Structures are given as C-alpha cells and as structure tokens.
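Note that the structure is a prediction, hence the values are computed from the model and not measured. For ligands, and for the atoms within them, numbers begin at 1 and follow the listed sequence.
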Amino acid sequence: MNVKIPLSKPYIDQAEQDAVKEVLESSVLSLGPKTVLFEEMFCSLVGRKYGVAVNSGTSGLHLAVKALGLKNGDRVITTPFSFIASANCLLYEGVRPVFVDIEEDTLGMDPNSLASKISSETKGILPVHVFGQPGRATKTILGLAEKHDLMVIEDACEALFGSYQNQPVGSFGDASVFGFYPNKQITTGEGGMVLTDDEKVYQTIKSLRNQGRSDMDTMNFTQLGYNYRISELTAALGIAQLGKAKEIMQKREFAAETYLTYLSEIDELTLPVQPEDCQHSWFVFAVRVRADWRDLIIAGLGRSGIQSKAYFYPCIHLQPFYREKFGFKEGDFPVAEQVSREVIALPFFTQITEEQIKEVADSIKQIIYELK
Ligand SMILES: *Cc1c(COP(=O)(O)O)cnc(C)c1O
C-alpha cells in the first residue's frame, strides 16, 4: 500500500533534535538530570506527588502491580476491550484477570456490572481509559475500592491530558501508568511513566526499575528487580514533547472536532461520544460500522492510500493465549465482542490537516455508497 495518509505519526521537530543532541554532548546517558526533570514535569502536569519513568507502558504496569503487593492467586477486575498489556501485566505476577463487560458508549467497564465481580480473592481493579475516553465507571470504581479495600491501577496509557469530573486522568488510582509509544499523544519512541502519591510505593517502584537496589548508589539488592530504566535521550525527548503539551492537546481537539463535523452526515457510522464529566483526550479517532462492512471499508480506504485499522480485535479474552489458559470463549462478554467487530481507527495524529480529514470522510462516504 502506498500510504498517503498514515494511521498515526509522531509530532517531532527541531526541539526534539536539539534535546537529544544536548544529551549526547553531555555524556550523561542514563540516570541523570533529564530523567528527574521528566518525572517532575509529568507529576505536576497530572497533579501527583511521585513519578518514575520506565522503558515502556507495559513495564510501568508490571511495576505498579508488583509494588502494590498484588501476587499469585489474587484477582483483579479489568476490561477485555483494551490493548493486551493491561491484562498481561497481571499474569506476570500470577494475578488472575477477572473481566467485566463494557458499556457501549464510552467503551469502558460497565459500572453496573462491577460489584457483582467482587469475591474474597479480589484485590484490585484495573480500569483502562480506552481510546483516551475517561471511564465513566471511575467514580464507582473508587467507591468499591474504598468499601472492599481494593487497589486501583489506572491504565492511562491512552489518555494523557484527559480528565474526569475536572480532575486529570492518572490522578485517581493508587498508581497510574502512561505510555509513550509513537502513536500516543506524546512519544519518546519507547517509554512509560508510573505515578503515585504513596511514598512507599514510589520507593518500591524506583528500586524495582533499577534491579531491586536498596538505593541508587549501592550494590545492595533487597528484592528481585528489573532493568526497566529509560535513557537520558528518552527523557530528553519526553521533556521536549511535554513542552508542547498545550499545542498537542489543542491540535488533537481540533482534529477530532473536524472529524465529528465531516462524519456526522454519514448515518451508517457510530461516532465517539463525549459524556458529561468525561473530558476526552484524543488518542485515536475510532468509529463503528456494521461488522460485515468493517474489513471492506478498511480495504477500500487502503486502496486510496488511507491507513485505518480494526482496533482491539479480537478482545483480550478471545486471544489464543487467553482462550487456552483460562478457557474463555465467544459470548463471554457480548458487548465488548460486538464492539470489537465494529471499530475502525481512522488516521489520527497531532498535525493531521482539515484537507486530510475531509479526504478520509469523502472516501468513507464513497465506499459506503458502493456497499449499499
Ligand atoms: C500503549 C498502551 C500500553 C503500553 O504500551 P507500551 O507499548 O508498553 O508502552 C498499555 N495499555 C494500553 C491500553 C495502551 O494503549
């Protein structure tokens, strides 16, 4: 396929080039001032006390699970409609994911189904702000966590800059995690961040990131740790990207509004909703179509050089590995399964232009016209 409009694209300019060059010339390439500054900037943006930068969102989730004391045999309630890392991070520690079906509009966990999933083995809830949509279930989750003494890990990897009831996404859980893969709102190539307000959890995560050291300068290893560190080059990229946070937010907001305008006249599409209390952070622009049209539309767009993608298909519980390990089958979570057959992510990135969006919208219109 000759790509004319890509699915995603990092927003990189001279600022990132200068930032990386400065680090290269400094000769401090790991565990230096850039990492600390990136962590501090991130904490103040999301309004949390402590941040630990790590080498991926997945590593961040793993450390959050471990540092909060979740362990073999525990159960954690989470969503089957997400990127697989949000469930895999539990399996690393032998924790069993207990899936709950999603609600059709926000695509987050259904708040009305949560309570019935709690058993004596349940030790936590792991919500995901899917596609940058803050979960409407957030309030219910926090209430249940309080009542049943459960840990909450917010997978905020897709939702940097989003907010729920005017509080930033990532400020709710006992720990929250962000990721900086190239298709995310900000990118460092690979990278992630764990946030918490609990000093002990913070110290544990910092130690686990760095081989389980008791503190940075010693060769005293007090627990089984990992090398989940980031380099100073990565941190410098993060700082440069955060410097553009406002611009990135505004541009993505504009792109999403433009899509909503151009696509609103196509009756065959279900567009993303913006419920009260939930300030979307636009990660992808995902629409839904009749399941039997989805692959035809993706192929049709591809013929015009427009990249698009079925997103979170199949659901996590229907991935071969999960079927085999846990015996999940089709029909277990019907809303998530139906949605996963219908979603198409359209080209979406910070610098996408109105002309490009119009071209995508026109192509979809034409393809649907031919399908009817
Ligand atoms: C991107 C993402 C992650 C983390 O991904 P990494 O590639 O490990 O940084 C985790 N959960 C969700 C829902 C994501 O979208």
Exercise. Is there a donor-acceptor contact under 3.5 Å from the side chain of Thr78 to the main chain of Leu126?
Worked result: yes
For this session: Return each pair, listed once, that meets ring pair (Phe, Tyr, Trp, His ring centres under 6.0 Å) where at least one residue sits in residues 179-203; pairs must be two or more places apart or across chains.
Result: Phe38-Phe180, Phe42-Phe180, Tyr50-Tyr202
For this session: Flag the pair Val169 / Ser281 as yes when at least one side-chain heavy-atom distance between them is below 4.5 Å, and no otherwise.
Result: no
Seminar exercise, completed: Sorted by chain and residue number, the residues having a heavy atom closer than 4.0 Å to an atom of ligand 1 are Ser56, Gly57, Thr58, Leu61, Ser82, Phe83, Ala85, Val128, Asp155, Cys157, Glu158, Lys184, Gly191
Exercise. What residues, two or more places apart in sequence or in another chain, satisfy side-chain contact (heavy atoms from CB on, under 4.5 Å) together with Ser30?
Worked result: Arg229
Exercise. What's the verdict on side-chain hydrogen bond (donor to acceptor under 3.5 Å, both in side chains) for Tyr228 and His62, showing C-alpha distance, side-chain angles and the deciding distance?
Worked result: CA-CA 10 Å; Tyr228 283 173; His62 180 197; 2.9 Å; yes
For this session: Any chance you could pull the hydrophobic cluster mates of Tyr92, using side-chain heavy atoms under 4.5 angstrom and chaining through other members?
Result: none
